[in-house]
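Read the numbers this way: they start at 1 and go in the same order the structure lists the ligands and their atoms.
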Amino acid sequence: MRIAMTGSSGLIGSTLVRHLTGTGHEVTRVVRSHTDRKKKGFEIRWSPDRGEIDAAGLEGHEAVIHLAGENIASGRWTRKKKEQILKSRQEGTQLLARTLAGLKHPPKVLLSASAVGYYGNRPPGIKVDEGTPAGNGFLARVSMEWERATRAAVDAGIRVAHMRFGMVLSRKGGALATMLPLFKLGLGGRIGRGRQMMSWIARDEIPHVVDFLLEREDLSGPVNIVAPAPVNNEEFTRTLGRILRRPTPFPLPGPIARVVLGEMAEELLLGGNQTLPKKLLESECRFRWPHLEKALRHELNKEDGHR
Ligand SMILES: NC(=O)c1ccc[n+]([C@@H]2O[C@H](COP(=O)([O-])OP(=O)(O)OC[C@H]3O[C@@H](n4cnc5c(N)ncnc54)[C@H](OP(=O)(O)O)[C@@H]3O)[C@@H](O)[C@H]2O)c1
């Protein structure tokens, strides 16, 4: 299959490019600036800021995977940062969707990233799935606008799936990679009271789920990409400490997190939701890493439990 991808240099994108090219697909990276020569192979340019995209270069692709957006977890949520987070997704997605809709040969499918942040913070014990309406807060608003921005593609008859990712477990980037140094030093601990839910997905599960979404023509609209067994922050902390064979004695008190990180702490650290992958389970998508301990052991190369 010929597949075009935005955000291909990111955590999820680089995992997907490796997988898709390794399994015989041809991937065109839709990039903001040319990368190094070796990677240049199939590359086209876009500038979401300026509303420019190489439309001719997008012709002839059967699928488009859209991951691009200003990183959500790096840097404090100042007014400017929040604007970049929202604008990069809203305007970038609109530009892409409009362009795909206007192609002579539009792709059959657009897999567009979104996040379980769509559901907002929910109290422990409340489960959410694709049928649950959007929640409150900044990330819920961003996710809503991000999904809405694909409208032109939907109207043009392109199958659009909104990949509502949970926290991607990777030792190379994202939340887990940020926690690892402290945990390895035995300085890890739960955040706040530790009851907030964490909906996660193993990094190596994503290629398999994306293959599934590419193939299953009956799947469109929101699709939660999370493991079927979310945990609370306390369980996550204990599990990670056990795998690393380190104590986790130092909780990060909620008030301190709030002072240091402001609104970002409330949505990314102290809040959360218990998201279930209802559509994937109903479609009989088999998870390779449905449980946290095995997923973490796999990602951290601790599968025999003794290292
Ligand atoms: N990782 C997670 O745990 C997680 C969870 C939920 C949702 N998501 C969402 O899934 C998508 C992919 O996640 P990821 O972890 O791979 O993200 P990432 O590592 O931050 O990569 C995102 C990519 O987007 C492009 N980008 C960065 N800033 C941009 C801007 N201002 N405007 C346009 N493009 C920009 C970059 O690619 P180029 O430089 O090649 O353009 C970058 O590599 C993101 O939109 C993210 O919000 C991720």
Side-chain angles (χ1 to χ4, degrees), residues 4-19 27-36 39-40 42-54 65-75 77 80-96 111-119 138-147 149-150 161-179 198-207 209-210 222-227 230 236 264 267-269 272-273 275 277 295 299:
M5 188 187 297
T6 71
S8 62
S9 61
L11 178 64
I12 296 175
S14 52
T15 302
L16 282 176
V17 170
R18 212 173 311 119
H19 166 74
V27 178
T28 303
R29 301 152 64 101
V30 184
V31 298
R32 290 174 301 158
S33 55
H34 281 305
T35 46
D36 65 68
K39 284 186 184 165
K40 219 167 164 177
F42 301 103
E43 219 176 70
I44 61 171
R45 293 288 295 272
W46 77 326
S47 173
D49 285 351
R50 290 201 295 267
E52 294 166 5
I53 189 164
D54 176 359
I65 300 177
H66 174 43
L67 303 166
E70 175 75 18
N71 192 284
I72 283 175
S74 69
W77 283 0
K80 185 158 175 249
K81 174 76 177 174
K82 282 171 72 178
E83 200 181 294
Q84 278 170 339
I85 290 173
L86 177 62
K87 258 183 85 177
S88 63
R89 286 171 173 76
Q90 202 174 23
E91 294 178 4
T93 307
Q94 274 168 359
L95 172 66
L96 182 68
L111 303 183
S112 190
S114 180
V116 298
Y118 179 91
Y119 305 109
F138 174 63
L139 291 180
R141 180 170 156 235
V142 168
S143 307
M144 248 190 309
E145 298 295 345
W146 198 359
E147 295 187 6
T150 60
H162 305 291
M163 302 183 288
R164 291 184 183 161
F165 290 110
M167 178 179 98
V168 178
L169 298 183
S170 167
R171 63 184 187 283
K172 296 182 181 158
L176 176 63
T178 309
M179 290 177 215
M198 299 171 76
S199 298
W200 57 273
I201 183 80
R203 179 174 58 113
D204 281 346
E205 196 86 72
I206 293 177
V209 174
V210 164
V223 179
N224 294 335
I225 304 192
V226 291
F236 187 94
M264 191 177 173
E267 296 208 22
L268 290 181
L269 299 177
N273 58 50
T275 303
E299 181 60 30

Arg32 near ligand 1 by a heavy-atom separation under 4.0 Å: yes
Side chain to side chain contact (heavy atoms under 4.5 Å, CB included) partner of Phe165, the single match among Val226, Leu67, Thr275: Leu67
Within-shell test, Ser114 vs ligand 1, heavy atom, strictly < 4.0 Å: yes
Ligand 1 N/O within reach of Leu11 N/O, cut-off under 3.5 Å: yes
N or O contact, Phe165 vs ligand 1, cut-off under 3.5 Å: no
Test of proximity, Trp46 against ligand 1: N or O pairs below 3.5 Å: no
Region of Arg29 that comes within reach of ligand 1 [heavy atoms, distance under 4.0 Å]: neither
Lys81 atom NZ, neighbour heavy-atom count above 12 within 6.0 Å: yes
Polar proximity ligand 1 side, Ser9 side, N/O cut 3.5 Å exclusive: yes
Geometric N/O contact Ala115 with ligand 1, under 3.5 angstrom: no
Under-4.0 Å heavy-atom contact with ligand 1, by part of Glu70 that carries it: both
Check: Ile72 N/O within less than 3.5 Å of ligand 1 N/O: no
Ile12 N/O under 3.5 Å from ligand 1 N/O: yes
Residue-ligand contact Ala73/ligand 1, heavy atom below 4.0 Å: no
Sub-4.0 Å heavy-atom approach of Met163 to ligand 1: no
Gly10, any N or O under 3.5 Å of ligand 1 N or O: yes
